[in-house]
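What follows is a single structure, written as structure tokens, with notes after it.
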Amino acid sequence: MYEMKRRKGSGYVTKTYELNRLDYLILGTLYNGGFKDYYHAITITEMLNENEGALGARMTVYKKLQKLVKAEYISKGIIDNHSDTYYLLDKGIRTVEGGKES
């Protein structure tokens with residue numbers, strides 16, 4: 001019987017992408033809300049409410065936000081009643097705008 005040896009990256013997906021669908025949903029939420037500077041930022045709770053559950057669990061969103069901060073797509077904004085807030089950096093804005101059709 002024919003046995004195929006599988007190794008990492010040998011499937012139909014041959015390119016590793018830095019962002020996935022959830023990352024783009026988060027970036028799109030920030031972009032559409034106009035959250036683009038330190039003082040105009042959004043909390044995780046507000047983000048979850050705006051997307052009506054499409055982002056998943058709070059901890060999932062938190063982890064994604066930390067990944068996006070580290071990759072410099074977003075940054076932390078001003079604190080809102082003990083909650084971190086997040087806004088888009090230039091890299092995040094360019095990513096969202098690059099995905100839009102003209």
Review point. Going through the checks in order, is the side chain to side chain contact (heavy atoms under 4.5 Å, CB included) test met by Leu55 and Thr60?
Key: CA-CA 8 Å; Leu55 298 177; Thr60 300; over 6 Å; no
Check your understanding: Do you know which two heavy atoms are closest between Leu89 and Ser75, and how far apart they sit?
Key -> CD2-CB, 3.8 Å
Check your understanding: Hey, does the Lys NZ or Arg CZ of Lys36 hover above the aromatic six-ring of Tyr31, less than 6.0 Å from the centre and inside 45° of the axis?
Key -> yes
Review point. Taking Asp37 for the side chain and His40 for the main chain, is one N or O donor matched with an acceptor at less than 3.5 Å?
Key: yes
Check your understanding: Going from CG on Leu30 to CD on Glu50, what distance comes out if it is rounded to the nearest 0.5 angstrom?
Key -> 9.0 Å
Practice item. Output, in order, the C-alpha distance, side-chain angles, deciding distance and verdict of side chain to side chain contact (heavy atoms under 4.5 Å, CB included) for Lys67 and Lys64. Key: CA-CA 5 Å; Lys67 174 188 149 189; Lys64 289 293 184 178; 4.1 Å; yes
**Study point:** Atom NZ of Lys91 with >12 non-hydrogen neighbours under 6.0 angstrom
**Key:** yes
Review point. Is the shortest heavy-atom distance from the side chain of Asp84 to the side chain of Ile44 under 4.5 Å?
Key: no
Check your understanding: To the nearest 0.5 Å, how far apart are OG1 in Thr29 and CE in Met47?
Key -> 6.5 Å
Check your understanding: Does Glu46 reach the main-chain N or O of Thr43 with its side chain, forming a donor-acceptor pair under 3.5 Å?
Key -> yes
Review point. Say you draw a straight line from CZ of Phe35 to CD1 of Ile42; how long is it, rounded to the nearest 0.5 Å?
Key: 4.0 Å
Practice item. Could you walk me through whether Leu65 and Lys76 pass the side chain to side chain contact (heavy atoms under 4.5 Å, CB included) test, one step at a time? Key: CA-CA 9 Å; Leu65 290 169; Lys76 287 187 179 183; over 6 Å; no
**Study point:** Gln66 CD: over 12 foreign heavy atoms closer than 6.0 Å
**Key:** yes
Check your understanding: How about Asp90 and Glu72: do any of their side-chain heavy atoms sit closer than 4.5 Å?
Key -> no
Exercise for review: Search all heavy atoms of Ala41 against all heavy atoms of Gly77 and return the closest pair with its distance.
Suggested key: CB-CA, 4.2 Å
Review point. Within the distance-only criterion (no hydrogens, no angle test), does the side chain of Asn51 pair as donor or acceptor with the backbone N or O of Gly53 below 3.5 angstrom?
Key: no
Review point. Could you state the interatomic distance from OG1 (Thr95) to CD (Glu97), rounded to the nearest 0.5 Å?
Key: 9.5 Å
**Study point:** Full working for side chain to side chain contact (heavy atoms under 4.5 Å, CB included) between Tyr24 and Leu19
**Key:** CA-CA 7 Å; Tyr24 281 107; Leu19 301 176; 3.7 Å; yes
Review point. Are side-chain N/O atoms of Tyr73 and Glu18 paired as donor and acceptor at under 3.5 Å?
Key: yes
Review point. Is Thr85 reaching over with its side chain to a backbone N or O of Ile79, donor-acceptor style, under 3.5 angstrom?
Key: no
Exercise for review: Answer yes or no: is there a side-chain heavy-atom contact under 4.5 Å between Ile74 and Tyr87?
Suggested key: no
